[in-house]
Student: 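My questions all concern the structure below.
One-based numbering, in listed order, for ligands and for the atoms of each. These numbers come from a predicted model, not from an experiment.
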Amino acid sequence: MEEIILYDPLDMHLHLREGEILKDIIDFTASSFSAAVVMPNLSVPITSTDLALQYKKEILMNAKNKDFIPLMTIYLNDFLDENELKIAYDNGIKILKLYPKGATTNSQNGLDEILTPHTLKLFEIAQDLGFILSIHGESKGFSLDREYEFGKVFVSIAEKFPKLKIIIEHMSDHRSIELLETYENIYATLTLHHITMTLDDVLGSGLKPHHFCKPILKTPKDKEMLLKLALQAHPKVSFGSDSAPHLEKNKLNNNAAAGIFSSPFILCALSGLFEKYDKLENLQDFISNNAKNIYGLDNLPKKAIKLHKEKSWIPTQIKSNQNNIVPLNAGEVLDWNQVL
Ligand code: DOR
Ligand code: ZN
């Protein structure tokens with residue numbers, strides 16, 4: 001039996017939600033990953049250390065896999081103060097998440113203007129403390145150009161704060177790759193969907209709300225160039241699923257929620273993808289080693305995940321809150337199966 005063992009898989013960008021949905025989905029990640037960076041965009045955003053620690057408790061209480069580590073984040077907003085950042089860092093919260101106001105789900109409390117004296121001061125403190133600044137980088141412009149247009153903000157922060165590590169979350173546009181190569185302190189996370197799908201999967205043959213996410217899936221060239229970065233496990237990229245569950249009724253209404261739910265089958269799908277391109281030898285770096293280097297995660301408990309070359313099935317739906325959550329590629333068959 002062909003076999004792959006992945007050591008300490010890390011999902012560096014994950015939405016777990018709260019309450020019932022959290023309960024229903026947490027173990028998809030907790031059973032496959034050592035740790036995950038948990039996004040703070042809840043309906044009541046995680047804007048303080050108290051809220052982050054309370055949320056961490058809720059996550060751990062609901063995970064059957066008790067060895068899973070949620071890496072908590074703080075939601076950057078106009079009311080975040082310097083002292084709160086220091087308290088967060090002292091409590092082990094080392095990632096600051098920036099959402100431009102209105103860019104995506106629950107971003108109403110994000111920043112309308114980004115380079116204000118207030119945020120610049122916070123970036124300076126974040127840099128001094130050793131925070132990582134994770135950014136949902138999209139302008140308010142035309143959908144397909146939003147990430148590209150945001151590039152100048154990345155440049156400005158990277159130049160002003162050369163010791164602050166900045167992550168371009170869910171990189172979706174090949175024109176952003178240059179930023180990784182030009183600025184020592186700019187890195188990226190890549191999702192499974194942005195390296196395997198394009199805008200045609202959203203609207204090329206009928207409208208597919210389950211393929212709708214922010215940033216929107218882009219062109220074949222974007223997909224191919226980002227896939228290449230992933231397959232070579234470029235040292236400046238790590239895997240971040242951006243798995244973002246929404247109830248089916250909220251995906252199918254006429255204001256479809258943005259988010260692709262992929263956590264139930266990530267490692268099986270990535271194994272198939274890297275095998276298809278004959279790059280399985282790079283999967284360990286992409287799924288763990290790069291992130292350990294970039295985020296300085298050396299003290300994680302060890303976890304070895306075994307996959308066999310045998311069929312597995314993506315669930316057709318997960319029941320939650322008297323509704324369903326529909327995974328990406330629901331019901332499809334994969335060539336790899338997680339056995340441990
Ligand atoms: O598609 C997305 N969904 N992109 C995001 O940035 C947020 C996420 C969510 O929270 O649903
Ligand atoms: Zn996200």
Side-chain angles (χ1 to χ4, degrees), residues 10-19 21-22 24-26 28-29 33 36-47 55 59 70-76 95-111 132-140 143-144 146-147 150 167-173 176 188-199 201-203 207-218 238-253 255-263 266 291 318 320-321 323 325-328:
L10 300 171
D11 184 343
M12 303 312 286
H13 183 132
L14 177 68
H15 298 270
L16 285 174
R17 314 300 189 209
E18 65 258 76
I21 296 187
L22 168 64
D24 295 330
I25 62 147
I26 172 64
F28 290 121
T29 298
F33 288 83
V37 174
V38 182
M39 290 297 133
N41 63 330
L42 304 190
S43 44
V44 175
I46 304 298
T47 51
Y55 184 31
I59 294 167
L71 302 166
M72 306 311 290
T73 57
I74 292 275
Y75 190 121
L76 180 51
I95 299 172
L96 188 57
K97 178 69 194 269
L98 189 166
Y99 289 101
K101 197 188 196 77
T104 188
T105 308
N106 292 337
S107 59
Q108 319 73 281
N109 296 87
L111 301 181
I132 287 190
L133 176 63
S134 291
I135 303 184
H136 181 119
E138 288 199 281
S139 73
K140 294 187 190 349
S143 287
L144 292 178
R146 284 178 187 176
E147 184 176 302
F150 198 90
I167 316 285
I168 303 178
E169 293 288 356
H170 37 57
M171 189 190 268
S172 66
D173 189 316
S176 305
T189 55
L190 292 174
T191 72
L192 175 66
H193 42 277
H194 290 101
I195 63 175
T196 55
M197 296 161 74
T198 70
L199 188 57
D201 292 293
V202 189
L203 45 70
L207 195 56
K208 304 269 189 331
H210 294 301
H211 295 171
F212 172 56
C213 65
K214 298 285 184 73
I216 192 87
L217 298 172
K218 299 204 167 56
S238 42
F239 174 70
S241 69
D242 200 11
S243 177
H246 289 278
L247 294 180
E248 188 174 26
K249 62 179 185 195
N250 297 330
K251 292 289 285 175
L252 301 185
N253 71 19
N255 190 20
I260 289 181
F261 178 49
S262 54
S263 70
I266 284 291
I318 283 88
S320 188
N321 264 345
N323 197 234
I325 303 170
V326 179
L328 175 64

Student: Where do Ser107 and Gly102 come nearest, in terms of heavy atoms and distance?
Tutor: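 What the structure gives for the nearest pair is OG-N, 3.1 Å.
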Student: Near Ala244, which atoms of ligand 1 are under 4.0 Å from a heavy atom of that residue?
Tutor: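 Near Ala244, meaning under 4.0 Å from one of its heavy atoms, ligand 1 has 3 (N), 8 (C), 9 (C), 11 (O).
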Student: By residue and atom, what protein N/O/S atoms are less than 2.8 Å from the Zn ion (ligand 2)?
Tutor: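 Result, waters dropped: His13 NE2, His15 NE2, Asp242 OD1.
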Student: Can you list the ligand 1 atoms lying under 4.0 Å from a non-hydrogen atom of Thr105?
Tutor: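 So the atoms of ligand 1 that pass are 9 (C), 10 (O), 11 (O).
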Student: Donor-acceptor pair, distance only, cut-off 3.5 Å: does the side chain of Ser243 make one with the backbone of Ser263?
Tutor: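 Yes, because the side chain of Ser243 sits within donor-acceptor range (under 3.5 Å) of the backbone of Ser263.
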Student: Ligand 1 versus Lys214, non-hydrogen atoms closer than 4.0 Å: side chain, backbone, both, neither?
Tutor: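 Near ligand 1, Lys214 shows its backbone as well as its side chain.
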Student: Taking only non-hydrogen atoms of His193, do any sit less than 4.0 angstrom from ligand 1?
Tutor: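 No, His193 has no heavy atoms under 4.0 Å from ligand 1.
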Student: I need the single residue from Lys97, Met72, His15 that forms a side chain to side chain contact (heavy atoms under 4.5 Å, CB included) with Pro40. Which is it?
Tutor: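 Only one of Lys97, Met72, His15 forms a side chain to side chain contact (heavy atoms under 4.5 Å, CB included) with Pro40, namely Lys97.
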Student: Counting distance only, does the side-chain N/O of Ser238 pair as donor-acceptor with the main-chain N or O of Thr189 below 3.5 Å?
Tutor: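 Between the backbone of Thr189 and the side chain of Ser238 there is no qualifying donor-acceptor contact (under 3.5 Å).
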Student: Just how far is it from atom OH of Tyr55 to atom CD1 of Ile59, taken to the nearest 0.5 Å?
Tutor: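 One gets 4.5 Å once the value is rounded to the nearest 0.5 Å.
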Student: Side chain, backbone, both or neither: which part of His246 has a heavy atom under 4.0 Å from ligand 1?
Tutor: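 For His246, the contact with ligand 1 is made by the side chain alone.
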Student: Mark up the atoms of ligand 1 that fall under 4.0 Å of a heavy atom belonging to His136, in ascending order.
Tutor: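 Near His136, the atoms of ligand 1 are 6 (O).
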Student: If you count the atoms of ligand 1 from 1 in the order shown, which ones are under 4.0 Å from a heavy atom of Asp242?
Tutor: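 Those qualifying, in numeric order: 4 (N).
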Student: If you define the side chain from C-beta out and look only at heavy atoms, does anything of Ser320 sit under 4.5 Å from Leu247?
Tutor: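 Yes, close enough: below the 4.5 Å cut-off.
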Student: Around atom 3 (N) of ligand 1, find the nearest protein heavy atom and jot down its residue, atom name and distance.
Tutor: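 Residue, atom and distance for the closest contact: Ala258 O, 3.0 Å.
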Student: Ring-plane angle category for His136 and Tyr99, please: parallel below 30°, perpendicular beyond 60°, tilted otherwise.
Tutor: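 Judged by the thresholds at 30° and 60°, the geometry between His136 and Tyr99 is tilted.
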Student: Starting at CG of Asp11, measure out to CZ of Phe239 and round the result to the nearest 0.5 Å.
Tutor: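 Asp11 atom CG to Phe239 atom CZ measures 5.0 Å (nearest 0.5 Å).
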Student: By number and element, which atoms of ligand 1 are closer than 4.0 Å to a non-hydrogen atom of Cys213?
Tutor: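 Near Cys213, the atoms of ligand 1 are 1 (O).
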Student: Which ligand 1 atoms, with their elements, are less than 4.0 angstrom from a heavy-atom of Asn41?
Tutor: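 Those qualifying, in numeric order: 9 (C), 10 (O).
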Student: Return yes if some donor-acceptor pair links the side-chain N/O of Lys251 with the main-chain N/O of Pro209 below 3.5 Å, else return no.
Tutor: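 Yes, the answer is positive, given that a donor and an acceptor are paired below the 3.5 Å cut-off.
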Student: For the residue pair His193 and His211, confirm or rule out a side-chain donor-acceptor distance under 3.5 Å.
Tutor: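 No, His211 and His193 have no side-chain donor paired with an acceptor closer than 3.5 Å.
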Student: When you measure from atom 5 (C) of ligand 1 to every protein heavy atom, which one gives the shortest distance, and what is it?
Tutor: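 I find the closest protein heavy atom is Thr104 OG1, 2.9 Å.
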Student: Taking all non-hydrogen atoms of both residues, which atom of Ala103 and which atom of Lys214 are closest, and how far apart?
Tutor: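 Between these two residues, the closest heavy atoms are O-NZ, 3.5 Å.
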